[in-house]
Amino acid sequence: MLAVEAASSSASSFPILSALIFTPMIGAIVVLLTSRSRPEYAKMIALLFSVVTAAMTVWLLASFETGAVDAAGGFQFVSQHDWIEQWGIGWYLGVDGISIFLVVLTGVIFPIAIAGIDPHHDEKPYLAWMLMLQAGVMGSFLALDLFLFFVFFEIVLVPMYFLIGGWGYAERRYAATKFFLYTMFGSAFMLVGLIATAIIAGDQLGGVTFDLVELAEGAEFAASTGRWLFFAFAIAFAVKVPLVPLHTWLPDAHTQAPTAGSVILAGVMLKLGTYGLLRFGLYLFPDAAWWSRPLWLTLAVIGIIYGAIAATMQTDLKRLVAYSSVAHLGFIVLGTFAFTSQAITGGVIQMVNHGVSTGALFLFVGWVYERRKTREIAELSGLQKVAPIFAAGFTVVMLSSIGVPGLNGFIGEYLVLLGSFQTARWWAVVATAGVILAALYLLWAYQRVFHGEPNEDDESFPELRATEALTLVPFLLAIVFVGIYPKPMLDRIEPSVDRLVTHVADHSGFDVPELATQRGEFELHGDDEAGDEEADG
């Protein structure tokens, strides 16, 4: 590749973003090369490479410049190189306030899953697939070239397919195939859309390019053309979120996936859909996003209510948590298409919060299954009496998922609803019912599983082990810290979100609400005050 170094005030001589992708990728190759006679080496190597990747993401967050939105389209640590120059395809990576915490979550959650969850068989290929999956997810959050994004977006399918199919439960092959076919169906639309976008915009930009920033800032599409292109991307992302009625692959995939697969799927992979709608939908096609906004708001609210009701009806604890994801991700889509800084910021925070809270819930469900070999709610009871520490940890995570004030789930949902109320009032009102239903299905499930007298099989239910507690600590710290002090996240996310909202307003019919209104401060104008005084007189 021919290097074309991009200007960025925060870029360093070390290509940190490229390293975040290649480190786990190299780790996967090294794991495969380890001797079969020493399988313990495979886990040590996988853990080493994943921990190094996590450390780099933490350094990236510490070095991220708060409020820096002017250089390189608002992106920091930019790495830009020619890849296939004659086709306008480049190795273009960057990170901003919208993606930084998703990158950190991806870096941190994989070593936790590798260290804390036992695959039980064929450890070496399992670990290699995990590291390849980390590389693919990381690349998807960092890519600023449409074609490069598509490559990483597709890479993640292969490891997850084999993880579900090879290490899942009884119906794993069916679930893996369904997951793969659904996602490939959406990706076919996106491939056509991104090629058409680059070619059509090439007439205005002096040549074909897949550069996201150049396309978004320099290309203008006719209304009908922009709408077709937007939907080509949006279908792929709607499948990945997933939005109702494209959601049916998710409960099966979650239920049949191994515990680590469910943690990663909920933690970061589903966010590729919500992140894609934000990064590529709103940024590339703001006018089409504004035009189709009622559709997406309606689908989001349907997902919130339907996901919550479906979760309430489940008899399998893991399937209940899976349907809760449909509801929680509906809140993120609602915030995205509300188009206010508050709502979108809340949506970005909720992407991270959902990954933490629901990832931890899947950990607990996996530990329950390992102890009791069942996830049926009717077969579990009284666990709080025999394992009080286990029950206490589950309670904190459950309350976080419900959105109790003081824990991380409240921050995101509150901002989404507050911001959405300004521009999508009735959708926000209906969505509020989802908060109540979340309390219903989670508290009811907790009551049946943890309260009452333990049955004969549950009397010997083991308490939380030390290794499990260590695995859980990062999740609990994030849940409490973000719930009490979200300012560090807000300070880094808001400048990028404000820039996106301004971009959408400049290229569509959307009018940004006044700042005071977005903050919930309502004041009477002078004429209104005078009229009120006359009426009183």
Side-chain angles (χ1 to χ4, degrees), residues 8-10 60-61 63-78 94-104 141-142 144 212-218 271 274-290 293 296-297 331-353 411-424 428 482 485-522:
S8 175
S9 59
S10 60
L60 188 75
L61 177 61
S63 304
F64 188 84
E65 296 180 13
T66 305
V69 296
D70 296 327
F75 296 97
Q76 301 181 39
F77 303 95
V78 171
V95 65
D96 67 350
I98 293 173
S99 58
I100 181 65
F101 289 100
L102 294 170
V103 170
V104 174
F141 288 137
L142 295 174
L144 298 178
L212 171 65
V213 177
E214 188 175 354
L215 288 168
E217 302 291 344
K271 310 315 180 299
T274 52
Y275 171 80
L277 286 172
L278 197 57
R279 175 72 79 214
F280 298 92
L282 269 64
Y283 188 39
L284 263 181
F285 310 104
D287 186 61
W290 167 249
R293 176 173 169 267
W296 301 106
L297 292 171
F331 276 102
I332 299 172
V333 177
L334 173 66
T336 298
F337 286 92
F339 286 4
T340 64
S341 292
Q342 260 187 346
I344 295 177
T345 298
V348 174
I349 291 177
Q350 195 62 10
M351 290 187 211
V352 180
N353 290 341
I411 305 298
E413 288 187 359
Y414 175 74
L415 287 174
V416 166
L417 292 173
L418 193 63
S420 300
F421 193 76
Q422 308 305 321
T423 59
V482 175
Y485 189 59
K487 187 176 184 297
M489 289 188 73
L490 294 171
D491 288 345
R492 287 157 179 79
I493 294 171
E494 282 182 343
S496 296
V497 169
D498 289 342
R499 189 179 188 281
L500 176 63
V501 171
T502 301
H503 175 81
V504 171
D506 290 343
H507 295 83
S508 71
F510 174 66
D511 293 324
V512 181
E514 293 181 6
L515 185 59
T517 303
Q518 288 202 51
R519 290 176 176 171
E521 301 168 5
F522 300 92

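Keep in mind that this is a model prediction, so the values were computed, not measured. What's counted below: heavy atoms across the whole structure, side chains too, no hydrogens, waters or symmetry copies.
D498 places no side-chain N or O within donor-acceptor distance of the main-chain N or O of V501, the cut-off being under 3.5 Å. When atom types are taken as modelled, the side chain of Y275 and the backbone of F141 share a donor-acceptor pair closer than 3.5 angstrom. Of the possible donor and acceptor atoms, none in the side chain of S420 sits under 3.5 Å from a partner among the backbone N and O of A338.
Contact record, T336 with L282: O-CD2, 3.6 Å, taken as the closest heavy-atom pair. Between V416 and F331 the shortest heavy-atom distance is CG1-O, 3.3 Å. Of all heavy-atom pairs between T66 and D491, the closest is CG2-O, 3.1 Å. The minimum heavy-atom distance between Y283 and H503, with the atom names listed, is O-NE2, 2.9 Å. Across L297 and A424, no two heavy atoms sit closer than the pair CD1-CB, 3.7 Å. Nearest heavy atom pair, residue I411 against residue V482, reads CG1-O, 3.7 Å.
Residues satisfying the ring pair (Phe, Tyr, Trp, His ring centres under 6.0 Å) criterion with F101, sequence neighbours excluded, are absent altogether. Residues satisfying the side-chain hydrogen bond (donor to acceptor under 3.5 Å, both in side chains) criterion with T345, sequence neighbours excluded, are absent altogether. Under the side-chain hydrogen bond (donor to acceptor under 3.5 Å, both in side chains) criterion, D287 pairs with no residue, sequence neighbours left out.
Rounding to the nearest 0.5 angstrom, the gap separating the NZ atom in K271 from the CG atom in L277 is 13.5 Å. To the nearest 0.5 Å, atoms CG (D96) and CD1 (I100) are separated by 9.0 Å. Note: L415 CG to T340 OG1 = 9.0 Å, rounded to the nearest 0.5 Å. Remark: I98 CD1 to L278 CG distance equals 4.5 Å, nearest 0.5 Å. Separation of atoms CG (L61) and CZ (R492) is listed at 5.5 Å; rounding is to 0.5 Å. Rounding to the nearest 0.5 angstrom, the gap separating the CZ atom in F75 from the CG atom in L142 is 10.5 Å.
Q350 and Y414 share no side-chain donor-acceptor pair at under 3.5 Å.
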